[in-house]
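For reference, the structure is listed below as structure tokens.
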Amino acid sequence: VVAAAMIEAVCAAGPSLAALGGSGGEGRAALAAAVEVKDGSVALARCIRDGAFLTMHAVRRDASGEGSGRVETVESQKVAAGSESVTALTWFSIAGQEHLSASREHLLCVGFSHGGVSVFTHRGTVCLSFLIQKSSILRIRAHSSTHSDHHHSLLFLHEDGVVAIVDVESLRSVIFGGSGAAAAGLRFRVYEVRGRARIKDACWIDKVQPLEDVFSAEARSGVVVLGHEAPFLSLHVRTDDFRGRSIIGSAASAVTSLAKSLNPFRRSGPETPAPARLHFRPAGMLAPGDLQLPAQGSPEELPVAAKFIDPMRSGAAVEPAPRRHPLTTTAVAATCDAFGRVCLFCIETLRCLHIWKGYRDAQVAWLHPCGDDIVEMCLVIYAPRRGLLELWDIAGVGGPRRADAAAVDMDGRLLGTSGQVYLLRHSGRFDRVRFRPRAVSIAATPSAPGGGLTVPPRPASAAALSQAGSDAFKSPRSSEEGSAEAAAVEEAEA
């Protein structure tokens, strides 16, 4: 095993986590998520075996030495579904019973094939189960507003193009109880993405500046959708956010309009939280009728505002970057496609800013904060077929620059939650990825044949973007020739 400055071993290889690490066979279909909880341990949840069983671990790091942590199985093979299956899961944070920012709990949100949702504690106890839309959940994403530290929500992407947004504060009130209208039920909104088929992934965006009217002061909220087929990316905005006047005649009302348009739960009429039926069994064990929340009107349609069309691309995943300074920074996201490319997009304009090639089955996550005065966040790229893990500083003057790299095991799993990034190897070794602003020398390993690899901390120019073991190109789109070549390579590998 090669030690590198960017890799901090949490626990050594062992049988407890070995079944989860692989990306092939049973591991390919496994769902997993990890987050550090307030007691200092790492809560790791996984779901394998046809999506019916949920297992939860507490990985506790021992202070006696590097990688000498131990794995405690909190819940082993908990039956989460009967005839249904688990299709998505993620960790999210919520204010504790004291409602103090310093006392935040981490809960696990699990989605099922019939559309049901269950919330678990990190000890495996079911807090709540409900259903908004009767269709399979493709993705669950925790979202924090860039304009408020106290506004958090959960995004649920369903396979029929329906997006549900649930207010986390109302979820907290239902779980922990409380007074007032918020405790009566969940606050949620339902949207329908218009004109998209075979959706793969999506993310919510708070602030989108209009492209057709440069004088408009009205920001728009909406959804960025990634598809299996053309268009590769599409931006869908809320229709009621179009009602804005020009900045020339509406400077006084711009601040009020901005605050209203950024609230995904805003309605034209009075809003009443939906009464939540408290179920303390996993949603996969209950019928949809027992979980269904009362409808709050018809879903709001989200028309297409922009598209990135490339018929040769087939999307795999999209990961939005954190926006720590929303008024001065661009909203960007990393995408992965079936041809082994990782792309950096501006998700306000859908402009492709950078392309990395040669990362088949790539997994990406955002590391932040980095604890560095210059580098605030990094894009982590893991190439499981090459055993290569890279950190990229995307905010460099000359374009993205590779800040660090390490040769690691092949067929692992990259897990990212709230800026924390972990690598779970096929052997069961569990590592945390950190930013270390210094050069690293990596010796040859079986997963990385050949000579040693010396990685400079920061290339000085854009000409040094592609280091040994990495391919980075600035082509804004793919070509038919390149796509055909990639398809031939994939066929040969299969």
Side-chain angles (χ1 to χ4, degrees), residues 1-37 39-78 80 86 89-91 106 108 110 120 122-124 361-365 367 380-390 406-417 420-434 442-448:
V1 176
V2 178
M6 63 180 287
I7 296 178
E8 181 182 289
V10 178
C11 69
S16 298
L17 303 179
L20 175 60
S23 61
E26 183 183 37
R28 179 178 293 276
L31 298 171
V35 69
E36 183 176 350
V37 295
D39 64 358
S41 64
V42 178
L44 175 63
R46 58 168 174 153
C47 186
I48 55 177
R49 292 180 57 185
D50 299 327
F53 297 90
L54 184 67
T55 299
M56 304 183 73
H57 305 277
V59 185
R60 306 184 185 278
R61 184 171 182 178
D62 196 335
S64 61
E66 179 76 10
S68 57
R70 58 188 176 87
V71 179
E72 173 190 348
T73 301
V74 176
E75 190 74 54
S76 178
Q77 300 295 318
K78 181 183 183 71
V86 175
L89 55 83
T90 193
W91 291 98
H106 283 89
L108 180 70
V110 180
F120 294 80
H122 69 277
R123 305 299 298 181
D361 295 336
Q363 303 171 33
V364 297
L367 178 66
V380 183
I381 304 178
Y382 173 53
R385 294 196 182 189
R386 299 164 59 186
L388 178 65
L389 184 68
E390 296 180 329
V408 297
D409 297 348
M410 301 173 67
D411 297 327
R413 180 66 62 86
L414 192 69
L415 307 175
T417 302
Q420 307 169 25
V421 182
Y422 299 92
L423 177 65
L424 182 58
R425 309 193 188 208
H426 186 71
S427 61
R429 171 173 164 169
F430 192 59
D431 300 320
R432 183 164 185 173
V433 181
R434 295 188 181 274
I442 306 172
T445 65
S447 61

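- Residues Ser427 and Asp409 have side chains in contact (heavy-atom distance under 4.5 Å, counting atoms from C-beta outward).
- In this structure the side chain of Leu423 never reaches within 4.5 angstrom of the side chain of Leu415, judged on heavy atoms.
- Inter-residue side-chain proximity for Val380 and Val364 is flagged as unmet; no heavy-atom pair is nearer than 4.5 Å.
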Assess the residue pair Leu54 and Leu108 against the criterion (side-chain contact (heavy atoms from CB on, under 4.5 Å)); give the C-alpha distance rounded to whole Å, side-chain angles, the decisive distance to 0.1 Å, and a yes or no.
CA-CA 11 Å; Leu54 184 67; Leu108 180 70; 4.2 Å; yes
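- Here the straight-line distance linking atom CD1 of Ile381 with atom CZ of Arg386 works out to 10.0 Å at 0.5 Å rounding.
- Interatomic distance, Phe120 CZ to Leu89 CG, rounded to the nearest 0.5 Å: 9.5 Å.
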Go through Arg432 and Glu8 one step at a time and tell me if the salt bridge (charged side-chain N to carboxylate O under 4.0 Å, His left out) criterion holds.
CA-CA 5 Å; Arg432 183 164 185 173; Glu8 181 182 289; 5.8 Å; no
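- Going from atom CE of Met56 over to atom OG1 of Thr73 covers 11.5 Å, rounded to the nearest 0.5 Å.
- When side chains are defined from C-beta on, Val421 counts as touching Leu414, because their heavy atoms get closer than 4.5 Å.
- Looking only at side-chain heavy atoms (C-beta outward), Pro384 and Gln363 come within less than 4.5 Å of each other.
- Atom OG of residue Ser16 and atom NE2 of residue His57 lie 7.0 Å apart, to the nearest 0.5 angstrom.
- A donor-acceptor pair is defined here as one N or O able to donate and one able to accept, closer than 3.5 Å; such a pair exists between the side chain of Gln420 and the backbone of Glu36.
- Using modelled atom types, no side-chain atom of Tyr382 and backbone atom of Glu390 make a donor-acceptor pair closer than 3.5 Å.
- Between Ala9 and Arg429, the shortest heavy-atom distance links the atoms CB-NH2, 3.7 Å.
- A distance-only check finds a donor-acceptor pair linking the side chain of Thr55 to the backbone of Gln77 [under 3.5 Å].
- Of the possible polar contacts, none joining the Trp91 side chain to the His106 backbone as a donor-acceptor pair under 3.5 Å is found.
- Here the closest heavy-atom approach between residue Gly416 and residue Ala365 is recorded as CA-CB, 4.2 Å.
- To the nearest 0.5 angstrom, His122 atom NE2 is 6.0 Å from Ser41 atom OG.
- For the pair Cys11/Leu17, a side-chain contact is recorded, criterion being any heavy-atom separation below 4.5 Å from C-beta on.
- Only one option out of Ile7, Asp431, Leu388 pairs with Val408 in a side chain to side chain contact (heavy atoms under 4.5 Å, CB included); it is Ile7.
- Using a 4.0 Å cut-off between charged side-chain N and carboxylate O, Glu75 and Arg123 make no salt bridge.
- Side-chain contact of Arg413 with His426: a donor-acceptor pair under 3.5 Å is absent, judged by distance alone.
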